[in-house]
Protein chains: 2
Amino acid sequence: MQQSIQLSVDAVVFGYESGTVSVLLIKRKYEPFKGQWAIPGGFVLNKESLEEAVQRELKEETGLEINYLEQLYTFGNPDRDPRNRVVSVAYFGLIKPSAFKIFASTDAEAVQWFDINELPNLSFDHDSILKLAINRLQNKMTYEPIGFELLDNKFPFSDIEKLYSSLLGRAIDRRNFRKKLLSFNILDELNEKTSKGSGRPAKLFKFNKKRYFKLKEEGIIFDI
Amino acid sequence: MQQSIQLSVDAVVFGYESGTVSVLLIKRKYEPFKGQWAIPGGFVLNKESLEEAVQRELKEETGLEINYLEQLYTFGNPDRDPRNRVVSVAYFGLIKPSAFKIFASTDAEAVQWFDINELPNLSFDHDSILKLAINRLQNKMTYEPIGFELLDNKFPFSDIEKLYSSLLGRAIDRRNFRKKLLSFNILDELNEKTSKGSGRPAKLFKFNKKRYFKLKEEGIIFDI
DNA sequence: TCAAAAGTGTTGATTCTACACCCATGG
DNA sequence: CCATGGGTGTAGAATCAACACTTTTGA
C-alpha cells in the first residue's frame with residue numbers, strides 16, 4: 001500500500017475583548033489560495049504530537065503561544081485541498097487578544113483578528129471548520145464554565161455578562177445570570193469598585209481559581 | 001518537508017442485545033501485537049473519505065456493513081504505534097449484533113463480540129480509545145435519543161429501560177423514566193401485548209420514527 | 001437634575017426526585 | 001395460590017423564566 005496522504009493541523013483561535021468576538025486568520029503567502037485568508041495551521045512533523053504541531057504552527061505563523069487548544073474535529077474529504085490529499089485535525093481555543101502580540105511570519109503574508117460577523121472569504125474548507133468551531137464553543141460554554149480567564153484580574157460583573165452574551169450571540173437575563181453564577185461560588189466579591197465610566201460604579205469581583213478549575217474538571221453542568 | 005506519517009481509521013462498534021453491551025474486536029493476524037485483540041481499523045486510501053475508509057475497513061475485517069459511524073477523536077501520539085508514526089481517526093457506532101453476520105477476513109485472525117465488562121488486553125492505545133468511546137456514548141445518550149433502532153419493531157417498555165440502564169451502567173427509576181420518555185411523544189402504544197414470559201403481559205410500543213428523527217436532529221435535551 | 005449603568009426579589013410554572021403497592025398472567 | 005414482571009401517582013423540593021424599579025455616580 002502506497003499511502004500519500006499528508007496530515008496537517010489547524011488552529012481556530014477565538015479572541016474576546018470588550019464585547020467583540022474575533023478569530024485569528026492569516027493571509028496566505030503561497031498557492032493555493034495565495035492572498036486569501038485562512039485559519040492558521042500546517043503540516044505535522046514526524047516526531048511531534050498533534051498538540052505540539054498545532055502549537056508550533058500557530059506560533060510560527062502568527063507569533064501566538066498558547067498552551068491549551070482543544071481538539072475539534074478531523075476534516076478529511078479527499079478534495080478539500082486542490083493539490084494533494086491533506087487531512088487536517090482542527091483545534092480551537094479562546095484567548096484575550098490584547099494579552100498577546102501577533103505578527104506574520106513563514107507562510108503568512110499577514111495576520112489579523114476578524115470580527116466573527118465580518119469574515120472574509122476563506123481558503124479550503126475553512127469556513128466549515130470555523131462554523132463548527134463556533135458551534136462547539138457556544139455549546140461548550142452552556143455546560144462548562146469557560147473563558148473566565150479572558151477577563152481582567154478584577155472585573156465588574158457586567159464584564160462576564162457581556163462575555164457570555166457576546167459569545168452566545170444572544171441576550172441573557174441579567175438578574176438570573178447573576179444569581180446563577182454567584183451560586184457556584186467561584187466569584188469572590190472585593191471591596192473595591194470601578195472608578196471611571198459613566199453611571200453607578202460597579203463592585204469588582206475576582207475569581208476563586210481553585211473552585212473554578214475544580215468545577216471545570218468536574219464537568220459540572222452550567223446551564224446558562 | 002518529508003512527512004512520513006500514516007493515517008488510519010478505527011471503528012469502535014458497540015453492540016447491544018438483551019441487556020448486554022459489547023464491543024466488536026478482532027484478533028490481529030500480523031505484527032505488531034500479533035495474536036492480540038484490537039479495535040478494527042486500517043489505513044486510509046488516497047481517494048476515499050475518512051468515513052468511506054472506516055466503513056471499508058470494518059467490512060473487510062469483520063464483514064460488518066453499517067452506515068453510520070460518528071467521529072470520536074483523533075489519536076496522534078508519536079509512539080502509539082511501535083513501528084511507524086500512525087495517526088488514527090477513531091469512530092464509533094452502536095448496533096444490534098444479531099442483525100449482522102460477522103466473520104474474520106484480511107488482517108483478522110478472528111472477530112468476536114466482547115462484553116464490555118470482560119475485555120481482553122488490547123493492542124496499541126486501543127484501551128484509551130475504547131474508554132473514550134464508552135464515555136462519549138454514555139454522555140451522548142443523556143442528551144440525545146439514541147439507540148432506539150436497536151430494539152425490535154414492537155417492544156415492551158422494559159426493553160428500552162434495560163437498554164438505557166445497560167448502556168449507562170446504572171439503575172434508572174422505572175416510573176420517572178417512563179413518564180419522561182412518553183412525554184416526548186415518540187412512542188406509539190399498540191393494542192397488543194407480549195404473549196409469553198412469566199409475569200403480567202406488557203403493552204407493546206412502536207417508534208414514531210418521524211418524531212424520533214426530528215427530535216434527534218433538533219438535538220433536543222433528553223436529560224435521562 | 002439628568003443620563004448612564006448597577007443592583008436587586010418575587011411569583012407562578014415547571015421539573016425533579018424519591019418512593020411502594022396493586023395488577024395480570026402462567027405454571 | 002404463588003412467582004414474576006408490569007403498571008401506576010403523589011408530594012415536597014428545586015429550579016426556571018419572566019419581569020421593572022431604585023440606587024449611585026459623574027457630567
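Any value given below was found using the heavy atoms of this structure, including those in side chains, with hydrogens, waters and symmetry copies removed. In what follows, every chain begins at residue 1, and chains take the letters A, B, ... in the order their sequences are listed.
Of the residues near DNA chain C, Asp223(B) and Phe157(A), the one whose nearest nucleotide (by heavy atom distance) lies more toward the 5' end is Phe157(A).
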Scan the side chains in residues 174-185 of chain A for donor-acceptor partners under 3.5 Å anywhere in the protein, sequence neighbours excluded, and list what turns up.
residue	atom	partner	partner atom	Å
Asn176(A)	OD1	Lys179(A)	NZ	3.4
Ser183(A)	OG	Lys180(A)	O	2.6

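Inspection of the Gln55(B) and Tyr91(B) side chains reveals no N or O donor paired with an N or O acceptor under 3.5 Å.
Between Tyr212(B) and Phe148(B), the angle of the ring planes stays under 30°, which puts this pair in the parallel group of the 30/60° scheme. Taking the six-membered ring where tryptophan is involved, the planes of Phe124(B) and His126(B) are tilted, since the angle between them lies from 30° to 60°.
Rounding to whole angstrom units, CD1 of residue Ile172(A) and P of dC16(D) are separated by 14 Å. Remark: C1' of dA5(C) and CG of Leu204(A) are 14 Å apart, rounded to the nearest angstrom. Atoms CG (Asn176(B)) and C1' (dG7(D)) sit 14 Å apart, rounded to a whole Å. Atom CZ in Phe222(A) sits roughly 16 Å away from atom C1' in dT15(D) (whole-Å rounding). Protein atom NZ of Lys196(B) is 17 Å distant from nucleotide atom C1' of dG5(D), rounded to whole Å.
The line from CG of Leu119(B) to CG of Asn121(B) is 10.0 Å long, rounded to the nearest 0.5 Å. To the nearest 0.5 Å, the span separating CG on Leu168(A) from CE on Met141(A) amounts to 4.0 Å. Considering CG of Leu24(B) and CD of Glu61(B), their distance stands at 10.0 Å, rounded to 0.5 Å.
Of the residues in residues 177-192 of chain B, those with a non-hydrogen atom less than 4.0 angstrom from any atom of DNA chain C are Lys179(B), Lys180(B).
Here Ser158(A) lies in heavy-atom contact (under 4.0 Å) with sugar-phosphate atoms only. Among the atoms of the strands shown, base atoms are found under 4.0 Å from some heavy atom of Asp173(A).
Remark: of the listed residues Asp10(A), Thr74(A), Asp125(A), Asp10(A) is the sole one forming a side chain to side chain donor-acceptor pair (under 3.5 Å) with Ser88(A).
When the nucleotides dT8(D), dG7(D), dG9(C) are ranked by their closest atom to the side chain of Arg175(B), dT8(D) comes out on top.
For Lys203(A), no side-chain nitrogen or oxygen approaches OP1 or OP2 of dA5(C) to under 4.0 Å.
Checked for salt-bridge contact, Glu144(B) and Lys140(B) meet the test: a charged N lies under 4.0 Å from a carboxylate O.
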Polar pairs (N or O, both sides) under 3.5 Å between protein and nucleotides 21-25 of chain D?
residue	atom	partner	partner atom	Å
dT23(D)	O2	Arg200(A)	NH1	2.9
dT24(D)	O2	Arg200(A)	N	3.3

